[in-house]
Amino acid sequence: MVRVKLYYRLNLARDKDILKGCTEKFDGVVIDAHVYETFKNSLSAFIASLPSSHTFMIDPITYKFSIPEITLEYSEKPWFGKLLDYYKIPITEDEPYLNPVKISKNDFIEIVSNVVKYQKNVVPVNIKNALGLARFFKLQIEEKTVEPEYIIPPYLIIEDSELASYRDFLKFNVEAIKYSKRILKDSPCKILGVIPIGEMSFLDFNVLSEVIEKYSNTPADAYAVWVSGLNEVTKNPLLRVFTLFLFELKNKVKKDIINLYGGYFSLILGSRGLLNGVVHGVGYAEYRDPYGASGIAGLLYYNPLTHTFDTIERIKIIYASDPSTKCSCPVCQRYPLETFESIKNNVSDLLSHFVNVRFDEKTKLERMSTDEIIATLKKDSEKIERIFKMEELKISLRLLKSLSKLRYQHLNSWRYTLEAVRELIKSLSN
């Protein structure tokens, strides 16, 4: 059985409160550096409180300093100046962006050194202080090390832009991994090399081949992938390319691979051995578009049947039409079908429901064969389609139109993708 590590990316203060009550449902946390700087004390205390079996990583999010479309938006944030100071990124009025073409060798060395130092020294010191404070107040805190699971070198998105070509960004990332290894040569710290690919680059097989070749020659101990804006539900045509990319990368590097932004389809690929870990938020953030507007999407209910988020109103109709589809997690068991919509008034229950279901999904997939997963996707797709076609549903035209917007075709797309790459998956396990 292939075991997939489940990581949660913390973005809001409430996330840690949800995860505190279900540490057995995940393996570790990933925290963006700007989020850590915003909630430094509470997040340090949270990491200190995790069981010793759990890990953490700090994502340096250096790409945010290199995108002209968004850098000005972030420049007014308190964390922006803090991270500039920590990383020593030479942003000026004349050069307001981190440009791999114009950066000097000395500046490059300083940036990489300081990004590594931030994760290896600065953050752990804060966590140690939180541990010391807990012991002072005689709180029950387990003895543990406070080093991150991986050190993440600075990285920029591999995509042609107004600043530079994709090759310039690719070179920056590769050299950052190599120099980070030099810095940590006498340290037990492991390096996670991030492969962040822009959507246009991802559609070019020549670029993908070059990316795999360059990264495979780095001394990274493991790799993390991030395809910009890859929504596994709405961008189904890209999923086969994504699967083939992971297959080629896995064959080339022979090391662990983590998807920095993934959902249920990534869990499927993980259970097939193509991914060793999947990262997402607590009830959101299963993909990220770095060029899009910042902020958190509205809170929705996670539908275990479609593996997507949806409104309570539509979920209530589905559950009423076929009570066997009603979620049986400990949270949902407390809500009778007749008054199920009241769950939307409890944010904690909505998020806890998601954490419970996500762990259950992962566990089930790990025990299933590829053929069983394909058959289950087909069965669930047919079930949700039957629900929509039930003539006895007495609903208004307005609600019918709303109901029809519920996306479920992705279940078939996931199935077709698996069918197309079934033999490749089989060869990977041999």
Side-chain angles (χ1 to χ4, degrees), residues 62-63 66-67 100-101 152-181 191-232 235-262 265-266 268-270 272-279 287-291 413 416-430:
T62 41
Y63 72 90
S66 68
I67 303 177
V101 174
I152 302 177
Y155 63 90
L156 307 175
I157 297 172
I158 302 168
E159 184 78 289
D160 288 330
S161 81
E162 62 185 73
L163 298 182
S165 73
Y166 80 86
R167 282 199 172 97
D168 296 312
F169 293 110
L170 174 59
K171 181 180 179 181
F172 177 96
N173 295 351
V174 167
E175 293 303 317
I177 294 172
K178 292 178 179 178
Y179 191 71
S180 296
K181 193 66 174 182
I191 291 176
L192 183 70
V194 176
I195 308 176
I197 308 177
E199 187 170 344
M200 295 308 297
S201 293
F202 191 66
L203 295 172
D204 190 323
F205 285 96
N206 291 325
V207 174
L208 290 184
S209 297
E210 187 175 351
V211 167
I212 292 173
E213 184 64 31
K214 295 292 185 182
Y215 271 90
S216 66
N217 289 318
T218 68
D221 299 286
Y223 294 90
V225 296
W226 168 27
V227 179
S228 170
L230 178 57
N231 186 328
E232 298 173 0
K235 295 190 176 180
N236 295 306
L238 295 180
L239 296 184
R240 188 176 301 189
V241 179
F242 182 57
T243 305
L244 293 173
F245 169 71
L246 290 177
F247 177 80
E248 294 296 333
L249 179 64
K250 192 75 172 177
N251 272 337
K252 191 76 174 178
V253 301
K254 308 294 185 186
K255 295 176 181 178
D256 283 1
I257 302 173
I258 298 170
N259 188 2
L260 283 184
Y261 300 93
F265 186 75
S266 285
I268 293 176
L269 297 183
R272 303 306 92 195
L274 288 168
L275 287 168
N276 302 91
V278 179
V279 186
Y287 68 98
R288 176 173 287 182
D289 178 3
Y291 307 102
S413 297
Y416 299 149
T417 300
L418 285 180
E419 289 174 342
V421 300
R422 183 163 22 194
E423 294 305 312
L424 282 179
I425 290 172
K426 189 180 298 184
S427 70
L428 191 66
S429 61
N430 291 336

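Bear in mind the structure is a predicted one, so any value in this text is a computation, not a measurement.
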Query raised in the report: Salt bridge or not for Lys181 and Asp221, using N-O below 4.0 Å?
Result: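 Result for this pair is yes, salt bridge flagged.
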
Query raised in the report: Between Ile177 and Pro219, which heavy-atom pair has the shortest distance, and what is it?
Result: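 It is CG2-CD, 4.0 Å.
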
Query raised in the report: Which value, rounded to the nearest 0.5 Å, describes the distance between Tyr215 atom OH and Ile212 atom CD1?
Result: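 The OH atom of Tyr215 sits 11.5 Å away from the CD1 atom of Ile212.
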
Query raised in the report: Passes side chain to side chain contact (heavy atoms under 4.5 Å, CB included), Thr243 versus Leu269? Steps please.
Result: CA-CA 8 Å; Thr243 305; Leu269 297 183; 3.9 Å; yes

Report task. Please determine, by modelled atom types, if Lys250 and Asn276 share a side-chain donor-acceptor pair under 3.5 angstrom. Result ->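 Side chains of Lys250 and Asn276: pair found under 3.5 Å.
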
Query raised in the report: Can you tell me if Tyr416 and Asn236 form a side-chain donor-acceptor pair at under 3.5 Å?
Result: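 No, no side-chain donor-acceptor pair sits under 3.5 Å.
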
Just by modelled atom types, is the [Y] backbone N or O under 3.5 Å from a matching donor or acceptor in the [X] side chain?
| X | Y | result |
| --- | --- | --- |
| Asn259 | Val278 | no |
| Tyr223 | Leu249 | no |
| Thr62 | Tyr155 | yes |

Requested in this report: With sequence neighbours excluded, tell me which residues meet ring-ring contact (aromatic ring centres under 6.0 Å, His included) with Tyr261.
Outcome: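 Applying ring-ring contact (aromatic ring centres under 6.0 Å, His included) to Tyr261 gives Trp226.
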
**Report entry** ring-ring contact (aromatic ring centres under 6.0 Å, His included) involving Phe242 - partner list, sequence neighbours excluded
**Finding:**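 Applying ring-ring contact (aromatic ring centres under 6.0 Å, His included) to Phe242 gives none.
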
Requested in this report: Give a yes or no on whether Lys171 atom NZ has more than 12 heavy-atom contacts from other residues, nucleotides or ligands under 6.0 Å away.
Outcome: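 Count not over threshold, so no.
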
Which atom pairs, donor and acceptor, lie under 3.5 Å between side-chain atoms of residues 191-203 and protein residues at least two apart or in another chain?
unit_1: Glu199; atom_1: OE1; unit_2: Lys235; atom_2: NZ; d: 3.0
unit_1: Ser201; atom_1: OG; unit_2: Ile158; atom_2: O; d: 3.0
unit_1: Ser201; atom_1: OG; unit_2: Glu159; atom_2: OE1; d: 2.8

